[in-house]
Every structure is written in structure tokens, then in C-alpha cells.
Number of protein chains: 2
Amino acid sequence: MKITAQEEYGLRCLLQLAQADRETGLSVKEIASKEGISPAYVEKLLRLMAKAGLIHSVRGVNGGYRLDRKPTELSLRDVVRALGSLPTTEEICDRHPGNRTSCVHIQECCIRSAWSTLTQAIDGFMGKVLISDLMGPEAKVTQTLQSRITTPFSV
Amino acid sequence: MKITAQEEYGLRCLLQLAQADRETGLSVKEIASKEGISPAYVEKLLRLMAKAGLIHSVRGVNGGYRLDRKPTELSLRDVVRALGSLPTTEEICDRHPGNRTSCVHIQECCIRSAWSTLTQAIDGFMGKVLISDLMGPEAKVTQTLQSRITTPFSV
DNA sequence: CCAATACATGACACTTTAGTCAAGTATTGA
DNA sequence: TCAATACTTGACTAAAGTGTCATGTATTGG
């Protein structure tokens, strides 16, 4: 259970766009220098999100990338999904067949139950966190997120 | 946000031990054949958990691995930790510095806030799931886990 | 004692993920 | 028009994560 590099850097790039002027957007270079990532990598990440319909590109002089929706209409789940994370329960099982063609527990599996409960909870949380919730000082964001998680995993 | 192979297979091996006779334990070969994984890999995973003090090995004829604690005294969090997953917020930041020596958002970071809230929730949930909760038919396990998550991420 | 069983260890090969590069196409403005 | 800007693409290199192997050590039973 780890945050992948794509999730981390992809979200950072998107947040830059969210904080920029919606009409003007930002160029790959600008995002790269603001985030301390290489332009080539930024390009790759933005393209993934463009493919998912979260942002779009404008070519030529004064071009760049722009957000397709308002930050209030874009959830953390949308972003993470665009970046190819958060596999479904079925995908988790398919990825771990051991040295068989399919997992020996395919019919009855208590672990599947655990991963399923967990990933659904994570998905639910991410769906409730909007990009707009992430814009602002860290302390305030933390407060907002805590409320989004309503009596979460803790009793 | 993905379940790693070590988490998946490691938990499966541990669960085999939990279901076996506490005195007799199981040999690496037995676990490997029950799970459809290679003995060499099972060995590697068990060693990680032995290092963490969850299980211990007995050498020689009739040797094998045995659980150190009762399944009711061992949580999913213990297992996942032993397998090297679930990084702390600090580790997440350290792992993603971009092309600088340290992340440009080191002082103020709204994303850190998101990952922190999320991983703490996951950690909390895993701490409440005992290995004994995972022993039994899938349907019943699911029911138990749902209750462990009390009004989780969903409203 | 010694042969068979079974864990112990570290180095290795393989696979996936992360990140870069080079050569290309579209758009603008002078 | 044409030169500068900036996105596009796919192939490539590097790093991390997976999984295997060979060699070694401890224990037991005959």
C-alpha cells in the first residue's frame, strides 16, 4: 500500500493548473520549474490526465495545458484514476496468481475481503475530496479533509 | 495506491500458519504448495515476518515456521508493517523530491495533508483488523470487516 | 556418526515502474 | 512566410520491486 510516483507528481501538476488562471493555463516548462520536475516527465503525466479528459492542451505560442472542469467539480479520485492507480478487487486477484494461471483462492478468499473493504473505503474517501479542498494552507486543508472522512477508520 | 506483491503473498503465508496447528506449524514446502507459490519465495517472505517477531523458525527434521502470537493478538497492520509497506507521511515526502535534494513543498504542502489523512486512516483500519478476523468464510469475514470500519469513508 | 530434512543467506536474473530523449507537428506573431 | 514557441509520440535508459538460485548451517532419527 504505497503512493506511486505518478500519483504524487501527477496530482502536483494538476494542482498547479488548478491554481493558475483558468483561461491562460500553464506551459509544461512553467509547471516543471514550479514543481522541480523535468519538463519531459511533466509532459508525460499531463498527457495521461488529458487522455482521461481532466485537462486539455493548446499548441503553439502561448499554448499550454488548461483545466477542463472547475476545481470544485474534480475529485481526487478522478485524478488518481486518470493516473492508473486504485485497482479494483478483481485486478488485485488477477495480479497475484502465484505460479498458477489463476489464484488458488479464486472461489473463497478472506484476504480478498480485506483488500476489497479497504480499497472501497479509500475510493469513497477520494471521491469526496475535491481539488478545491486541496487549495489553501496546509493546516486548513487538513481540517477540511478530516471532516470529509467522518468517523473514518477510527471508532 | 496499490497492494504490493509482498503484502499479498506475505499475508497469505501468515494466514496459513494461523490456520495450522500452533505447535506443529508448517514447513516452507507445505505453505508453498498450499498457496501455489515457489518455496524460495515463501522462505523470503517468512523470513521478513520472522525478523519482525511475528513468527519463528525451527530448523532440522520436523522443523518449519510457527506463529509467535495468537491470531487474536496479531493485526493486519503488524503484518503489513513487517512486510515493509505503509510508509509514513515523512517517507512519502522523502521519496518524491523531484530533481531537487528535497521537495519544493517541504514547508507548506496541501498534498502531504491528503496523503497523511489517508494513510493514517488506512493504518487505523488495519490496526483494528485482527488475523483472527480473517479466518473463516469470505462472506462472514466481509461482514466483520464492514463493522470494523464504522461509518468509514462513506457518509 | 551420518544421511536426510529443513531453515539461512546473499547474490543474482527478471519484470515493472519511473523518468529521459529525439524527432516530429501545430500555432502564433512579426 | 518563417522562425520561435510549445505540445506529441514512441522508443529508450535507469531504478525499483519481484522472484529464483546455489551454497551453507542446524537438527533429528536410524
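Model, not experiment: these values are computed from the prediction. Chain naming here is simple, since letters A, B, ... match the order of the sequence lines and numbering starts at 1 in each.
Residues A:M135 and A:A18 come closest through the heavy atom pair CE-O, 3.4 Å. In this structure, A:P87 and B:K2 approach most closely via the heavy-atom pair CD-CG, 3.8 Å.
Going from atom CG of A:L83 over to atom P of C:dT16 covers 20 Å, rounded to whole Å. Rounded to whole angstrom, the span from the CZ atom of A:R66 across to the C1' atom of C:dT27 amounts to 12 Å. Straight-line distance from the CE atom of B:M1 to the P atom of C:dT17: 16 Å, rounded to whole Å. Spacing between atom CG of A:L45 and atom C1' of C:dT20 amounts to 13 Å, rounded to whole angstrom units. Atom pair B:L48:CG and C:dA8:C1' shows a separation of 13 Å (rounding to whole Å applied). Note: CG (B:L46) to C1' (C:dT9) measures 15 Å, nearest angstrom. We find that OH of A:Y65 is positioned 14 Å from C1' of D:dT5, with the value rounded to whole Å. Rounded to an integer number of Å, the gap from A:E43 CD to D:dT9 P is 9 Å.
Using a distance-only test at 3.5 Å, with no hydrogens or angles considered, no donor-acceptor pair links the side chain of A:R66 to the main chain of A:I55.
Salt-bridge formation is detected for the pair A:R12/A:E8: a Lys NZ or Arg NE/NH1/NH2 atom is positioned less than 4.0 Å from an Asp or Glu carboxylate oxygen. Between B:K128 and B:D133 there is no salt bridge, since no side-chain N of the basic residue sits under 4.0 Å from a carboxylate O of the acidic one.
A heavy atom lying under 4.0 Å from DNA chain D marks the following residues of residues 21-35 of chain A, by number: A:S27, A:V28.
DNA chain D is contacted by both A:K2 and A:A50; A:A50 maps to the nucleotide lying nearer its 5′ end (nearest heavy atom per residue).
Not counting sequence neighbours, the partners of A:R81 by the side-chain hydrogen bond (donor to acceptor under 3.5 Å, both in side chains) test are A:D123.
Distance CD/B:E30 to OH/B:Y65: 13.5 Å, rounded to 0.5 Å. Taking CG of B:D78 as the start and CD of B:E73 as the end, the distance is 10.5 Å to the nearest 0.5 Å.
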Grab the N/O contacts between the protein and nucleotides 19-26 of chain D below 3.5 Å, and write none if there aren't any.
{"residue": "D:dG19", "atom": "OP2", "partner": "B:Y41", "partner atom": "OH", "Å": "2.5"}
{"residue": "D:dG19", "atom": "N7", "partner": "B:K44", "partner atom": "NZ", "Å": "2.8"}
{"residue": "D:dG19", "atom": "O6", "partner": "B:K44", "partner atom": "NZ", "Å": "3.1"}
{"residue": "D:dT20", "atom": "OP2", "partner": "B:S38", "partner atom": "OG", "Å": "2.2"}
{"residue": "D:dT25", "atom": "O2", "partner": "B:R59", "partner atom": "NH2", "Å": "2.6"}
{"residue": "D:dA26", "atom": "O4'", "partner": "B:R59", "partner atom": "NE", "Å": "3.2"}

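Within 6.0 Å of the CD atom in B:Q143, the count of heavy atoms belonging to other residues, nucleotides or ligands does not exceed 12.
When the side-chain nitrogen and oxygen atoms of A:T4 are compared with OP1 and OP2 of C:dT17, none of them lie within a distance under 4.0 Å. Within the structure, every side-chain polar atom (N or O) of B:N62 is placed at least 4.0 Å from both OP1 and OP2 of C:dA4.
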